[in-house]
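Below is a structure I'd like to ask you about.
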Amino acid sequence: MENPRVRYAPSPTGEPHIGNMRTALFNWLFARRYGGQFVVRVEDTDQERFEPGAQEAMLEGLKWLGIEYDEGPGVGGPYGPYLQSQRLPHYQAAAERMVDQGLAYRCYCSTERLEQMRADQAARKAFPGYDGRCRDLTGAQREELVARGEPSVIRFAMPRSGTTSVEDLIRGRVEWRNELFNDFVIMKSDGFPTYHLAVVVDDHLMNISHVLRAEEWLPSTPRHLQLYGALGYSPPRFGHLPMILGPDRDKLSKRHGATSILEYRDLGYLPEAMVNFMVLLGWSLDDKTEVMSRQTLVENFSLDRVSLGGAIFDQEKLAWMNGVYIRDLPPEDLAARVAPYLEADLEKNLPCFKPPVDQDRLLAVVPLIQERIKLLSEVWERGAFFFQEHVDYEPGATLIQKGMDGDTVMWALERTLGDLGYIPDFQHESLEQSLRKLAGDLGLSPRQFFGTLRVAVTGRNATPPLFETMEVLGRELVIRRLNDAQERLAAMQGEA
RNA sequence: GGCGCGUUCGUCUAGCGGCCUAGGACGCCGCCCUCUCAAGGCGGAGAUCAGGGGUUCAAAUCCCCUACGCGCUACCA
């Protein structure tokens, strides 16, 4: 395969959907694997559904994932413009040419008539589709319609016999009977082309060699092939990718949860993990490798390892993979990535150690939470006590571990406070050494004693290792919290 | 309704006629490690390969039928 040209052709009608991005990713990988070009073309031919900002969001999604494109909006290229709304003359010319050659025709049927026709067909349980009434209009009839200024569309005159087949790169040969397709619209009455015409004209004009798109497009391939034929173009190769499904096996959509790639970014996923996970939805390297670098992907991607069935988007596995990538990051890198999320949380949870985040503290905290978070956004919920002055908790059952009573705890806190003053460096090694000894002196098990201290120091019973946590917190804060614990306990005992 | 595509553990998948008493991963369960939580290590449960017919010495792998799922059937893409 030499210099393949592939494209990603989204329409700006909504969020950058996971499924679309996966298609973009496969196209990009294909281009990179075989040293070709990846072009982005915006299919903005639907005036009704156009959504401001959608195109920008789509490009942002690509950028976030690291899918750079060789030609397209913003970067230009030799086959521009890359917005279909700016290429109208091409579609008009192609449509007119087919009309002139009798391969397409103007249709003057009103929306009302078409609706009525469909209702009748449904009632008769007949084959639904345009009945071709305007296909056989006489010259005189046409002239009259034109004279009256009737609005019209242009329909493609589908052959009424024969078959059309495609040798799909992923599914093999698929064949359809032509008579099963109606005369579909190629130019709308607003002067814009429909998807079918625009995609064919542009893929040809932009010299696209391989069309890799979602499986939902397979049934319209014969229409496209017919258009290629009618226009005298030689068609590209087609490959139809399996779809991405929700847990109920329906096409993945909003009601299944987050579907926009940008939502995943905001939720705290890493683009590297997203790419790795998405590529596995319909492709595999071998029988065991799942975590792969982008480079490995580019070096090994191939269509013959694309699977056929739709794949359910498994959030749990994505989360696991994100954790794998988080653990793999150098701590400084993780700190930088986590900072924006943490800053937002600090802002929301004032008062605390005020944003912006103290870099030294964050750098000290990151190694402690790195293997405990699955999302970049989880630092606050896993380690808020690192960033707050006061921690809150119920002094009862949490502070008083199993097998202890209030007096024991009080005494243990007292002795700890006493010892802490003598630890010169307040490093975790010294803390551990000294406090382990103290546990023995007090006749408490490490579990009991450290459990009590953990709650007193962090307010939680599940935290990173105690001594490292204390080291990061620092002597003053730890002492303040231990004092605070004593007060809480005393207050509670007073009530009792 | 018609047409098309699909169907291997709950999920993502390996498998392209004998290596399969079907492998890996997520999730789940247990054990180990251990100051808690994670991470990690080890082990386990979990798929009669949708069902039924063929072809073959031999089928998850090839063919046919059926079932089920999904997609398409617009002046949406």
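Chain letters run A, B, ... following the sequence lines, proteins first and then strands; every chain starts at 1.
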- Query: Of all the nucleotides listed (B:rC75, B:rC35, B:rU13), which has the minimum atom distance to the side chain of A:Thr111?
  - Reply: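 Nearest to the side chain of A:Thr111 among the choices is B:rC75.
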- Message: Could you check whether the side chain of A:Glu290 and the base of B:rG24 have a donor-acceptor pair of N or O atoms closer than 3.5 Å, going by distance alone?
- Response: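 When only heavy-atom distances are counted, A:Glu290 does reach the base of B:rG24 through a donor-acceptor pair under 3.5 Å.
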- Query: Rounded to the Å, how far apart are A:Asp328 CG and B:rA39 C1'?
  - Reply: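 After rounding, the reported distance stands at 13 Å.
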- Between the base of B:rC35 and the side chain of A:Arg447, is there a donor-acceptor distance below 3.5 Å?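 Not at all, since no donor on one side and acceptor on the other fall under 3.5 Å apart.
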- Task: Could you work out which one of B:rA77, B:rC26, B:rU36 sits closest to the side chain of A:Asp46?
- Result: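 Ranking B:rA77, B:rC26, B:rU36 by closest atom to the A:Asp46 side chain puts B:rA77 first.
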- When you get a sec, tell me which of B:rU7, B:rA14, B:rU11 is the closest nucleotide to the side chain of A:Arg249?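 For A:Arg249, the side-chain atoms sit closest to B:rU11.
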- Query: In Watson-Crick or G-U wobble terms, both distances under 3.5 Å, what is the partner of B:rC16?
  - Reply: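 In the structure as shown, B:rC16 has no Watson-Crick or wobble partner.
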- Message: Using only modelled atom types and a 3.5 angstrom limit, is any donor from either the side chain of A:Lys317 or the base of B:rA25 paired with an acceptor on the other?
- Response: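 Between B:rA25 and A:Lys317, which were checked side chain against base, a qualifying N/O pair under 3.5 Å is present.
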- Using purine N1 to pyrimidine N3 plus N6-O4 or O6-N4 for Watson-Crick, or N1-O2 and O6-N3 for G-U wobble, each under 3.5 Å, what pairs with B:rC26?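 Paired with B:rG10.
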- Task: Assess A:Arg436 against A:Phe467: is NZ or CZ under 6.0 Å from the centre of the six-membered ring, and within 45 degrees of the ring's axis?
- Result: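 Ring-cation test returns no.
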- Task: May I ask you to say what A:Lys188 touches in the nucleic acid, namely base, sugar-phosphate or nothing, with a heavy-atom cut-off under 4.0 Å?
- Result: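 If one applies the 4.0 Å heavy-atom cut-off, A:Lys188 turns out to touch a base.
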- Query: Does a salt bridge link A:Arg454 with A:Glu468, judged by any charged N lying under 4.0 Å from a carboxylate O?
  - Reply: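 Result for this pair is no, no salt bridge flagged.
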- Query: Counting side-chain heavy atoms from C-beta on, which of B:rC3, B:rA74, B:rG71 comes nearest to A:Leu180?
  - Reply: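 Output: B:rC3.
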- Is there a Watson-Crick or G-U wobble partner for B:rU36 with both distances under 3.5 Å, and which nucleotide is it?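 Across any shown strand, B:rU36 pairs with none.
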- Rounded distance (Å) that lies between atom C1' of B:rC75 and atom CE of A:Met117: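 To the nearest whole Å, that distance equals 12 Å.
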- In whole angstrom, what separates A:Ile326's CD1 from B:rA38's P?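 Distance check: A:Ile326 CD1 to B:rA38 P gives 16 Å.
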- Item | Carboxylate-amine/guanidinium contact A:Arg118 A:Asp131, below 4.0 Å |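 Salt bridge absent between A:Arg118 and A:Asp131.
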- Just by modelled atom types, is the A:Thr398 backbone N or O under 3.5 Å from a matching donor or acceptor in the A:Asn461 side chain?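 Not a single qualifying donor-acceptor pair exists.
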- Find the partner of B:rU61: check Watson-Crick (N1-N3 plus N6-O4 or O6-N4) and G-U wobble (N1-O2, O6-N3) distances, both under 3.5 Å, and reply none if neither fits.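 In the structure as shown, B:rU61 has no Watson-Crick or wobble partner.
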- Determine which nucleotide pairs with B:rC70, using a 3.5 Å limit on both distances of a Watson-Crick or G-U wobble pair.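 Pairing partner, where one exists within any strand: B:rG4.
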- Message: Looking at A:Ser189 and B:rC75, is any side-chain donor or acceptor paired with a base atom of the opposite kind under 3.5 Å?
- Response: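 Such a pair is found, so the answer is yes.
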- Item | Below 4.0 Å: OP1/OP2 of B:rA38 and any side-chain N or O of A:Arg460 |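 Looking at the OP1 and OP2 atoms of B:rA38, neither is under 4.0 Å from any side-chain N or O of A:Arg460.
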- Looking at every strand, decide which applies to A:Met187 at a 4.0 Å heavy-atom threshold: base, sugar-phosphate, or nothing.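 Answer is nothing: A:Met187 stays at 4.0 Å or more from every strand.
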- Item | A:Arg155 charged N/C atom sitting above A:Tyr130 aromatic ring, 6.0 Å / 45° |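 Judged by the rule, A:Arg155 and A:Tyr130 form a cation-pi pair.
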